[in-house]
Every structure is written in structure tokens, then in C-alpha cells.
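Here is the structure we will look at, set down as C-alpha cells.
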Amino acid sequence: MKFFHYFNFVLIVLLLVFICVAEDTLVSKSLSEIQTRCFELEEIVEEHNHLKNITTTLAVDNLEYVWMVDEKNMCFLVNHKNIQEIGQEIAKLKLYIASNDIDAFKVSLEEIKFFCHSYLHFMGANWHNVL
């Protein structure tokens, strides 16, 4: 009979480990993709030297769409208040395109990259999350 208790305990621990690793994989993939799109946006801005062009607008729209999809998925895994800053900075990007404010646009991109980098740092799977 004790065997089944030990087996259930091991099964529960393995299930928790699997959930933590799956969470880490999903969050890391999503945040890494947002960071990559921010780097692409930086290259586009450096190439064109102004924001009012179709390439920049489409890139920001794609970034916003990817973030909306990822945010819906991540809300089940992370506290929404921890990740809402990224969505707010993406909304600011659209305002900066309308006013052609390149400096503020670059600052917002840096903020998004900073948030992604810091979230990737502390949202990973570790023993603390498993236990």
C-alpha cells in the first residue's frame, strides 16, 4: 500500500516539474519573440530615419498583434499586472509614429526590451517555482 503513496507522490512532483517547464518554455518563447521584433523595429528606424512609413507602421502593428496573442496565453501563467507594461509601451509606439518622435520611439523600444529581458530573468523555471 505504501508503494502507491510513493508512486502518487512521485507522479505529482513530476507533473509539477512538467508544468513549470512548460510555463517557462511558453513565456520564454513569447518574450524572446517580442525582443526580436523590437530589434527588427530598431533596424527599420535606423534604415529610414523617420517613422511615418508603411514598413514601420506594419512592424508595430505586427508587434502589437503578436503581443495581444501572447498576452492572452500568458495571463493564465503570470500575473497580468507584471506584464501589462509591455502593452502600454506598444501603444505609445503608435503615438510616436503619428508625431514622428524618433527619440521617444527608441526609448519605448528600449523599455520593451528591458521589460522582456527582466521578465525572462525572473520568470524562468527553477526549484523555487517547482517547490
Side-chain angles (χ1 to χ4, degrees):
M1 197 64 163
K2 281 196 174 239
F3 172 75
F4 291 112
H5 292 288
Y6 292 128
F7 178 74
N8 287 336
F9 178 75
V10 169
L11 187 65
I12 290 170
V13 168
L14 288 176
L15 181 65
L16 288 174
V17 168
F18 174 76
I19 290 171
C20 286
V21 170
E23 171 193 6
D24 178 52
T25 304
L26 179 67
V27 170
S28 297
K29 180 182 165 267
S30 298
L31 293 175
S32 295
E33 185 176 354
I34 296 298
Q35 273 186 323
T36 303
R37 289 183 183 265
C38 286
F39 288 126
E40 291 171 0
L41 262 169
E42 281 181 338
E43 291 174 6
I44 291 170
V45 170
E46 290 299 321
E47 181 180 317
H48 293 286
N49 288 333
H50 60 88
L51 299 175
K52 289 188 175 187
N53 58 50
I54 192 69
T55 309
T56 306
T57 305
L58 286 176
V60 170
D61 286 343
N62 288 337
L63 176 68
E64 182 181 39
Y65 175 75
V66 168
W67 176 246
M68 284 182 2
V69 170
D70 289 345
E71 185 181 26
K72 287 178 186 175
N73 293 334
M74 284 195 295
C75 280
F76 295 113
L77 304 173
V78 225
N79 186 355
H80 182 73
K81 291 183 180 187
N82 291 339
I83 58 174
Q84 71 183 1
E85 292 95 355
I86 295 174
Q88 292 171 351
E89 290 298 322
I90 292 172
K92 288 180 186 178
L93 291 177
K94 289 187 161 200
L95 294 173
Y96 298 140
I97 289 175
S99 63
N100 201 26
D101 190 355
I102 294 176
D103 294 330
F105 188 88
K106 288 179 181 180
V107 168
S108 279
L109 280 178
E110 289 300 321
E111 287 288 321
I112 293 169
K113 291 189 303 186
F114 171 75
F115 288 137
C116 288
H117 177 72
S118 60
Y119 295 155
L120 279 169
H121 180 70
F122 78 83
M123 286 186 187
N126 55 38
W127 286 110
H128 182 265
N129 290 350
V130 172
L131 299 175

Note to self: I need the minimum non-hydrogen distance between S108 and Y96, along with the two atoms involved.
What the structure shows: OG-CE1, 3.2 Å
Next item on the list: Taking the side chain as every heavy atom from C-beta outward, state whether V60 and Y65 have any atom pair closer than 4.5 Å.
Entry: no
Next item on the list: Look up atom CD1 in I102 and atom NZ in K106, then write down how far apart they are to the nearest 0.5 Å.
Entry: 6.5 Å
Margin query: Quick check against the 3.5 Å criterion: does S28 have a side-chain atom that pairs as donor or acceptor with the backbone of T25?
Written below: no
Next item on the list: Each residue besides I44 in its hydrophobic cluster should be listed here, by chain and number; the cluster joins Ile, Leu, Val, Met, Phe, Trp and Tyr at side-chain heavy-atom distances under 4.5 Å.
Entry: none
Check: Can you check side-chain contact (heavy atoms from CB on, under 4.5 Å) on F18 and L14, steps first, answer last?
Finding: CA-CA 6 Å; F18 174 76; L14 288 176; over 6 Å; no
Item checked: Between CG on residue L41 and CD1 on residue I112, distance to nearest 0.5 Å -> 8.0 Å
Note to self: For a 4.5 angstrom cut-off between non-hydrogen side-chain atoms, does Q35 reach H117?
What the structure shows: yes
Margin query: Using the rule given for side-chain contact (heavy atoms from CB on, under 4.5 Å), can you reason through Y6 versus L11, listing the C-alpha separation, both sets of side-chain angles and the distance that settles it, and then say yes or no?
Written below: CA-CA 8 Å; Y6 292 128; L11 187 65; over 6 Å; no
Margin query: Side chains of E110 and F114, heavy atoms from C-beta outward: is any pair under 4.5 Å?
Written below: no
Checklist line | Gap between atom CG of N100 and atom CG of L51 - 0.5 Å precision | finding: 5.0 Å
Check: Quick one: CG on L31 to CG on L26, what's the gap to the nearest 0.5 Å?
Finding: 9.0 Å
Notebook entry, point to check: Do K52 side-chain atoms and I97 backbone N/O form a donor-acceptor pair below 3.5 Å?
Noted result: no
Next item on the list: Return the set of residues passing side chain to side chain donor-acceptor pair (under 3.5 Å) with N53 (not counting sequence neighbours), or none when no residue passes.
Entry: T56
Notebook entry, point to check: Is a salt bridge present between K94 and D61, judged by a nitrogen-to-oxygen distance below 4.0 Å?
Noted result: yes
Checklist line | Under-4.0 Å salt bridge between K113 and E42 | finding: yes
Item checked: From T57 atom OG1 to N62 atom CG, the distance as rounded to the nearest 0.5 Å -> 11.0 Å
Check: If you round to the nearest 0.5 Å, how far is CD1 of I54 from NE2 of H48?
Finding: 10.5 Å
Check: Between E33 and R37, does at least one N-O distance fall below 4.0 Å, as a salt bridge requires?
Finding: yes
Note to self: Can you tell whether the side chains of K92 and E89 come within less than 4.0 Å, N to carboxylate O?
What the structure shows: yes
Check: Just wondering, do Y119 and I34 contact through their side chains at under 4.5 Å, heavy atoms?
Finding: no
Check: Would you say I90 and I86 make side-chain contact, with heavy atoms under 4.5 Å?
Finding: yes
